[in-house]
K.L.:
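Quick one: the structure is below, questions incoming.
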Amino acid sequence: MYVDVAGEGTEKKGRGLGAAARTRLVVAFLVAGCLALIGVAVAGRAPMPSDLEYVQSGHWVYSDALQSALHVDGGAGQVDARAGVPAGPGSQVVQGGRSGYVVDRSRISMFDKSTLGVESAIAPPATETPSVLEVAGGPYLVYRNAGRIVRLGDPVATVAAGGPLSSPVATTDGTLWVYRIDTGSVCELPRGAATPTCPAQLPAGHSGLPALVDDRPVLLDVTADTLSPVSKDGLGEPVAIGVKLPPTALVADTSVDGRLAVADPDRNQLHLLDTAGLGKDGPAGHPVSVDLPKDGRFSGPVATAHVVALVDETRNEVRTYDSRGSLKSTKKVPGAAGRPRLAHGQDDRVYVDSADGSHVLVVDGESGSVADVAVDEQARHQAATPPPAPPQPSDTGSAPPPQQQQQQQQQQPPSRPAPPPVARATPPGAPRNVNASASDGAIKVTWSGAADNGARITAYHVSWPGGSTTVAGSARRATVSGLDNGKSYVVTVSAENSAGTGPGASAKAAAPGQAAGAPAVTLTAALGGKVSASWSAPDLHGADLVHYLVSATGAGERQVSGTSAQFSGLTGSVTVTVRAVTRYGSGAALTGSPGKKTVRVPSGPPTVKITHVQGRGAPDQQIIVTVTANGNGAAATCKASALGGSSPSVPCSGTTNLTISNIYWVGAIPVDVTITTSAGTGSDHFQGTPAFVVVLGPLALLGTRRLLKKTGKPEAKKET
């Protein structure tokens with residue numbers, strides 16, 4: 001069908017506007033709207049919104065296999081953009097208005113969302129995986145352990161929060177809220193601010209989790225089991241939540257239909273807390289509690305306006321619920337094994353990235369349904385399909401079409417933005433999780449990294465009464481040797497950067513010493529499940545004996561001051577373990593190496609039965625007694641006797657041969673057999689003539705062979 005320049009196709013006349021004409025009208029309206037908006041902004045009658053105030057559609061994910069950041073349209077379930085950015089495995093992508101950022105543990109790479117070209121890279125303030133937030137004024141990267149906040153929005157800055165942080169939340173105006181784990185402070189970082197302020201404080205010894213209810217910050221006190229609104233004036237009146245929570249509770253970032261989702265990993269439950277009583281001096285309604293799979297390990301929850309999503313890492317599946325606790329869907333997370341990552345998109349969808357970024361599960365924020373987007377597969381298919389040829393310019397000298405203009409613009413090298421400003425460095429924070437363990441004349445101390453506060457940590461200083469040492473800034477352990485056994489030492493660790501040395505953190509007192517060796521254990525077992533154990537004292541290495549720890553299979557552990565112990569009521573195979581507990585002076589107790597021994601407890605007295613007796617003449621002159629022996633669970637020995645001779649006492653179980661040597665007999669003889677175990681003895685008696693075995697000498701055998709060779713027939717057996 002031919003369409004002329006005016007959009008009036010010969011087959012469309014009389015039917016209204018053609019497609020091209022309608023398109024031009026739409027474009028005209030859009031251009032007019034944009035011009036009007038610009039005019040209002042220039043005239044000062046309305047502010048132009050910054051690019052970060054627009055709702056960012058879709059979700060970016062990093063594909064390990066493709067070494068690319070890929071954009072997923074959550075509504076269409078399609079990959080619609082790809083930026084090649086080299087990064088480490090497990091990297092995550094966060095987007096701003098014009099730029100995207102690929103974040104791994106060693107660098108933050110920025111790429112332009114229109115050209116999809118990499119523009120710059122900066123070093124992160126800590127080598128940990130941050131929590132990310134896409135919000136006006138951001139995006140934000142929160143390095144929780146290091147207590148550092150990186151704002152990638154305008155103005156770009158790195159902010160020191162002063163200590164370890166909880167998972168962050170952010171209101172739609174761009175205010176970031178965090179909880180200081182070490183001090184119990186609730187802190188805010190307003191949009192564009194360079195320093196956080198902490199207007200609220202939990203009581204000492206309490207633990208809290210921040211969240212949002214109707215885009216307002218609240219704090220869940222998991223110690224008092226209350227929920228309080230947060231404002232610039234501090235914490236509001238707390239409201240009891242109606243359920244007991246552990247310190248390991250996980251709270252959703254925002255409320256869902258007036259309820260706040262909290263996961264209890266200790267009891268495998270999901271609680272939906274009523275928030276109607278906040279700020280209204282009224283009691284909260286009863287929470288809705290849902291049982292989760294008993295053996296599950298969970299991450300999340302993340303909430304949209306109407307749906308809660310969490311991941312069961314044990315089953316590697318996404319589970320979604322509504323605000324009433326009804327299960328909406330479950331779906332496996334495809335891709336390589338590993339920990340999936342949940343993100344709350346600004347389009348009010350939840351995105352779940354597989355560990356390798358090859359798949360993204362999109363959770364619909366209204367229905368809770370889950371769709372799988374095979375990211376790698378789609379990207380490879382698109383790369384294998386050649387793009388359509390660009391339209392050729394006309395010979396009238398008109399401007400190239402918009403698509404060609406965009407391609408020409410993309411060919412121009414992007415300008416490099418100025419490096420982000422960083423707040424002035426200060427001395428590091430105190431190292432965390434400082435622990436000390438003692439050994440022979442030494443103490444091993446370990447710690448977690450201190451907050452660097454704007455400058456790389458160059459060294460850690462380890463000190464103790466009587467000495468000190470310095471290790472590299474990358475170190476997380478040190479061994480202090482040459483110490484006195486039995487003497488108590490407190491070891492302190494502090495961090496240093498270019499701004500100075502920060503405060504020290506100390507481990508609990510530890511006393512070096514060498515633990516005792518393993519005792520040599522002897523066991524006997526008897527009927528009635530009785531086991532007697534004895535042992536020899538091991539090498540105590542100069543320490544004082546406190547007691548022995550003695551345990552037996554099925555009987556638990558006990559403290560014994562002597563070198564023997566008795567147990568009863570045991571069955572089957574029993575292992576007894578003995579360890580010496582020693583102490584140097586007033587130092588800590590040391591538990592020595594275990595000495596072990598195993599014995600089988602008899603279930604009854606032993607039995608034995610003679611099944612065959614045979615005799616062998618000269619030159620052996622033996623009686624061989626075959627018996628069936630049963631020790632009834634205990635080790636047994638058997639012995640046979642006849643005419644004053646006897647066999648050696650040998651271990652016996654089942655069919656056993658007992659041999660009496662150097663014995664002469666004629667006719668019937670008596671034979672006796674005894675069996676012995678720790679549970680007692682058993683016996684059997686035989687009276688009769690042994691079956692006689694003729695032993696042919698070498699000459700007789702030679703004569704037999706010659707006769708067979710000569711006649712070809714065996715010689716007739718002769719009676720003797």
Side-chain angles (χ1 to χ4, degrees), residues 92 94 103-106 108 122-133 135 137-153 156-170 175-191 193-202 204 206-210 217 219 230 247 251 253 420-434 446-461 473-476 493-506:
Q92 52 189 332
V94 59
V103 183
D104 68 13
R105 297 174 67 89
S106 61
I108 302 169
I122 61 174
T127 55
E128 64 177 87
T129 301
S131 299
V132 301
L133 289 170
V135 68
Y140 291 97
L141 308 178
V142 179
Y143 292 83
R144 296 174 52 191
N145 293 332
R148 309 285 286 177
I149 301 170
V150 176
R151 180 173 52 235
L152 299 173
V156 179
T158 299
V159 178
L165 305 171
S166 68
S167 296
V169 295
T175 301
L176 187 73
W177 291 88
V178 293
Y179 173 77
R180 280 277 302 272
I181 297 173
D182 54 345
T183 63
S185 302
V186 185
C187 305
E188 65 168 336
L189 182 67
R191 177 176 177 174
T195 305
T197 59
C198 302
Q201 179 81 37
L202 273 183
H206 285 224
S207 297
L209 298 169
L219 188 70
V230 181
V251 66
D253 52 340
V422 178
R424 182 178 61 86
T426 59
R432 297 171 294 110
N433 304 323
V434 182
T446 61
W447 61 89
S448 299
D452 59 17
N453 291 346
R456 182 177 63 87
I457 293 177
T458 56
Y460 283 98
H461 301 289
S474 59
R476 294 295 180 269
V493 184
S494 58
E496 179 185 0
N497 64 9
S498 59
T501 301
S506 300

K.L.:
Taking only residues two or more places apart in sequence, or in another chain, which ones meet Asp253 in a side-chain contact (heavy atoms from CB on, under 4.5 Å)?
P.N.:
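Asp253 satisfies side-chain contact (heavy atoms from CB on, under 4.5 Å) with Val169, Val302, Ala303, His344 only.
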
K.L.:
How would you list all residue pairs meeting salt bridge (charged side-chain N to carboxylate O under 4.0 Å, His left out) that involve residues 449-458, not counting sequence neighbours?
P.N.:
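Salt bridge (charged side-chain N to carboxylate O under 4.0 Å, His left out) check on residues 449-458 returns Arg148-Asp452.
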
K.L.:
Could you pull out all residues at least two apart from Arg180 that satisfy side chain to side chain donor-acceptor pair (under 3.5 Å)?
P.N.:
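Applying side chain to side chain donor-acceptor pair (under 3.5 Å) to Arg180 gives Asp182.
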
K.L.:
Which distance, rounded to the nearest 0.5 Å, do you find between the CD1 of Ile149 and the CG of Leu176?
P.N.:
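Reported value, rounded in 0.5 Å steps: 5.0 Å.
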
K.L.:
Give a yes or no answer on whether the side chain of Arg151 reaches the backbone of Ala193 with a donor-acceptor pair at less than 3.5 Å.
P.N.:
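Yes.
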
K.L.:
Please enumerate all residues that pass side chain to side chain donor-acceptor pair (under 3.5 Å) together with Ser448, with sequence neighbours excluded.
P.N.:
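Ser448 satisfies side chain to side chain donor-acceptor pair (under 3.5 Å) with Asn433 once adjacent residues are dropped.
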
K.L.:
When you measure from the side chain of Thr458 to the backbone N and O of Gly473, does any donor-acceptor pair fall under 3.5 Å?
P.N.:
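Here the side-chain-to-backbone pair does not exist.
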
K.L.:
Can you list everything that forms a side chain to side chain donor-acceptor pair (under 3.5 Å) with Thr183? Sequence neighbours excluded, please.
P.N.:
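So Thr183 forms a side chain to side chain donor-acceptor pair (under 3.5 Å) with Ser185.
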
K.L.:
Could I get the full list of side-chain contact (heavy atoms from CB on, under 4.5 Å) partners for Asn145, not counting sequence neighbours?
P.N.:
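side-chain contact (heavy atoms from CB on, under 4.5 Å) check on Asn145 returns Glu128, Arg432.
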
K.L.:
Could you pull out all residues at least two apart from Pro427 that satisfy side-chain contact (heavy atoms from CB on, under 4.5 Å)?
P.N.:
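Per chain and number, Pro427 pairs via side-chain contact (heavy atoms from CB on, under 4.5 Å) with Ala499.
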
K.L.:
Only pairs at least two apart or in different chains count here, so list each salt bridge (charged side-chain N to carboxylate O under 4.0 Å, His left out) that has a residue in residues 493-506.
P.N.:
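Non-adjacent pairs meeting salt bridge (charged side-chain N to carboxylate O under 4.0 Å, His left out): zero.
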
K.L.:
Not counting sequence neighbours, which residues clear salt bridge (charged side-chain N to carboxylate O under 4.0 Å, His left out) with Arg144? List them please.
P.N.:
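Partners of Arg144 by the salt bridge (charged side-chain N to carboxylate O under 4.0 Å, His left out) criterion come out as none, since no residue qualifies.
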
K.L.:
Working to the nearest 0.5 angstrom, can you tell me the gap between Ser207 OG and Tyr179 OH?
P.N.:
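Result: 5.0 Å between the selected atoms.
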
K.L.:
Does the side chain to side chain contact (heavy atoms under 4.5 Å, CB included) test come out yes or no for His461 and Val493, once each step is laid out?
P.N.:
CA-CA 6 Å; His461 301 289; Val493 184; over 6 Å; no

K.L.:
With sequence neighbours left out, what residues match Tyr460 under ring pair (Phe, Tyr, Trp, His ring centres under 6.0 Å)?
P.N.:
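Scan of Tyr460 (ring pair (Phe, Tyr, Trp, His ring centres under 6.0 Å), adjacent residues dropped) gives Trp447.
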
K.L.:
When rounded to the nearest 0.5 angstrom, what is the spacing between CG in Leu165 and CH2 in Trp177?
P.N.:
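So the gap between those two atoms works out to 14.0 Å.
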
K.L.:
Going by side chain to side chain donor-acceptor pair (under 3.5 Å), name the residues that satisfy it together with Ser131, two or more places apart in sequence or in a different chain.
P.N.:
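Side chain to side chain donor-acceptor pair (under 3.5 Å) list for Ser131, sorted by chain: empty.
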
